[in-house]
2 protein chains.
Amino acid sequence: MNDHDRIAVAVDVVICMLQNEALTVLLIKRSDQDRWAIPGGIIGVGESLQSAAVRILEEETGMADVYVEQLYTFGEPDRDQRKRVVSVVYYALIPAQQIELKAGSGTDGAAWFNVDELPRLAFDHNEILDYALTRIRNKLEYTDVGFQLLPEEFTLTELQTAYEIVLGEHLDKRNFRRKILQANILHETGGMRTGEGRPAKLYRYRDGAFVEVKARRLFP
Amino acid sequence: MNDHDRIAVAVDVVICMLQNEALTVLLIKRSDQDRWAIPGGIIGVGESLQSAAVRILEEETGMADVYVEQLYTFGEPDRDQRKRVVSVVYYALIPAQQIELKAGSGTDGAAWFNVDELPRLAFDHNEILDYALTRIRNKLEYTDVGFQLLPEEFTLTELQTAYEIVLGEHLDKRNFRRKILQANILHETGGMRTGEGRPAKLYRYRDGAFVEVKARRLFP
DNA sequence: TCAAAAGTGTTCTCGATACACCCATGC
DNA sequence: GCATGGGTGTATCGAGAACACTTTTGA
C-alpha cells in the first residue's frame with residue numbers, strides 16, 4: 001500500500017457564536033485555496049479525537065474550556081480531490097464576547113460568517129454546516145446547551161433572545177420565563193444590568209444543573 | 001512517519017435483531033483473540049463509510065437492504081493495543097427472522113447475544129454497545145425506526161411487543177393502538193394471522209411514510 | 001364451553017399556548 | 001413626565017395516562 005492509498009484522519013470543528021443578533025460560524029481561508037473552509041487539522045499520533053478538536057479550537061480562538069461535542073464523521077472517497085480524508089467533525093459553542101482571532105499556521109485569514117449568509121465553501125463543507133446547524137437547533141430545543149452561547153452572567157431577556165436567534169422564531173416572554181425559572185437551573189447573582197429602561201436581574205447557570213427533556217414519544 | 005505511526009480507519013457495525021422476546025446483538029470471535037467483539041473491518045480505498053458498513057453487514061449476515069445508520073466515532077489512542085485505530089461505528093436493525101450466519105474470513109465464530117447479558121468484550125466494545133443501545137432506544141421513542149425490527153407483515157400486538165422489548169417497559173394496549181393508527185403510517189394488508197385465540201389483522205408499514213415527532217421543548 | 005388473544009372508549013390531569021398590563025429607571 | 005425595556009397571572013385547549021370489558025376463534 002503506497003502513501004497515496006493511505007487514508008488520513010482529520011478533525012474539523014464547527015465553531016459557533018452569537019454576534020449582532022445572529023448565529024455566526026468561524027471559517028478560515030488557507031493560503032493555497034480560494035474558498036473558505038471549516039477549521040480543522042490532521043489528528044496527531046497519540047492524540048484523541050476530542051483533544052484534537054479542543055486543540056484546533058484553541059489554535060483558532062485562543063479559548064479553552066469550551067463546550068465541544070462530536071457531530072458526525074464524513075468520509076466519502078471523493079470529498080477531497082487531493083487525497084482520501086475522513087473527517088470527524090465536532091462543533092463548539094462559545095460564549096458571546098469579543099474574540100481575538102489568532103491566525104493559525106498556513107492560514108490566510110479567519111472570519112465570522114452569519115450562518116444564513118454562507119458563501120460556497122471548500123470540499124463538502126456546506127453540507128457539513130447544514131448538518132451541524134440542524135443538530136445544534138435540535139439540541140437547543142431539548143437540552144440546555146443554549147447557555148454555552150452566553151457569558152457567565154446574563155439577563156432573562158438576553159437568554160430568550162439567544163434562543164430566538166438560534167431557533168429563528170419568536171418566543172412568548174411570560175411562558176419562557178415561567179418555564180425556565182421552574183426548571184430550577186438558574187440562580188440570581190444579585191447583580192443587575194442597567195441600561196436603557198428598567199434594570200434587569202442577572203442570572204447565572206446553576207453549577208451542576210442539567211436538564212434534558214424527555215422527547216415526546218411517538219407511541220406512548 | 002513510519003507505518004506504526006499511521007492511523008487506520010475501521011468501520012464497526014452493531015447489528016441488532018429481536019429474538020425470543022429479547023433484543024440481541026451479533027458478536028464475533030476472531031481466531032487470534034479470546035474475547036467477543038463487534039463485527040467490523042478496515043475501510044477500503046475508494047469505499048465510503050456507509051458502504052463499508054453495508055459490506056460488513058452483508059459479510060456477516062448475508063443480508064442487504066437493511067437499515068444502517070452512523071452512530072459515533074471512537075478514537076482514543078489506546079483503545080487498541082496493537083495499533084492506532086479510529087472506528088466509525090454504525091448500527092443496523094434487521095427484521096426478526098431466521099438468519100444463517102456466515103462465517104466471515106478470519107472469524108472463529110459468530111453468535112447472537114441478549115443485550116442484557118453481554119460478556120466482557122474486546123477493546124472498548126462494551127462502551128460502544130452501551131452507547132449504541134442508549135441511542136437506539138432514544139431513536140425508537142421519537143422516530144419510526146422500530147418497524148425495521150419487524151418482518152414486512154405484522155400484527156399490532158407484535159409491533160407493541162417489539163417496542164416493549166426494546167424500551168424495556170410495558171405499554172398500554174389501547175393507547176398504543178390508538179396512537180399508531182392515528183399516525184397513519186400503517187395499512188391493513190387484508191390478511192390475518194391465526195394461532196391461539198382470535199386471529200389478528202396483519203399490517204404493513206406504509207411505503208414512504210415517515211414520522212418524527214417534534215421533541216417536547218425545554219423552553220417553549 | 002372454555003381458554004386465549006384481539007379489539008375497543010371514556011375520563012382525568014397536566015403541560016402548552018395565547019394574551020395585556022404595571023413597574024423601575026434614565027433622560 | 002415620558003420613553004424604554006423589565007417583570008408578572010390567568011384561562012383555554014389538547015395530548016398523555018389510566019383503566020375493563022366484549023369479541024372471535026380453536027381446542
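So that the names make sense, note that chain A is the first sequence line, chain B the second, and so on, each numbered from 1. What's counted below: heavy atoms across the whole structure, side chains too, no hydrogens, waters or symmetry copies.
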Any Tyr203(A) side-chain heavy atom under 4.5 Å of Leu159(A) side chain: no
Do Arg79(B) and Val85(B) come close enough that some side-chain heavy atom pair is under 4.5 Å? yes
Check whether the side chains of Thr24(A) and Asn114(A) place a donor and an acceptor atom closer than 3.5 Å, and report yes or no. no
Going by atom types alone, do Arg135(B) and Asn138(B) pair a side-chain donor with an acceptor below 3.5 Å? no
I need the [atom1]-[atom2] distance between [X] and [N], as an integer number of Å.
X         : N       : atom1 : atom2 : value
Leu202(A) : dG6(D)  : CG    : P     : 11 Å
Glu158(B) : dA5(C)  : CD    : C1'   : 12 Å
Gln182(B) : dG14(D) : CD    : P     : 14 Å
Arg177(A) : dC19(C) : CZ    : C1'   : 16 Å
Lys201(A) : dA24(C) : NZ    : C1'   : 12 Å
Phe176(B) : dA15(D) : CZ    : P     : 19 Å
Leu159(A) : dG7(D)  : CG    : C1'   : 15 Å
Ile180(A) : dT8(D)  : CD1   : P     : 14 Å

Contact list (N/O, under 3.5 angstrom) for nucleotides 2-5 of chain D vs protein:
none

Which class fits the ring pair Tyr131(B) and Phe74(B): parallel under 30°, tilted 30 to 60°, perpendicular over 60°? perpendicular
Below 3.5 Å between N/O atoms, which protein atoms pair up with nucleotides 9-13 of chain C? Just atom names and distances, please.
unit_1	atom_1	unit_2	atom_2	d
dG9(C)	O6	Arg178(B)	NH2	3.2
dT10(C)	O4	Arg178(B)	NH2	3.2

Taking only N and O in the side chain of Lys173(A), is any of them less than 4.0 Å away from OP1 or OP2 of dG6(D)? no
Main-chain N/O of Asn175(A) paired to Asp172(A) side chain as donor or acceptor, under 3.5 Å: yes
I need the Asp12(B) CG to Tyr72(B) OH distance, nearest 0.5 Å. 15.0 Å
Criterion ring pair (Phe, Tyr, Trp, His ring centres under 6.0 Å) against Trp36(B), the qualifying member of Phe113(B), Phe123(B), Trp112(B): Phe113(B)
In plain terms, say whether Arg193(B) and Glu158(B) are close enough for a salt bridge, that is, a side-chain N and a carboxylate O under 4.0 Å apart. yes
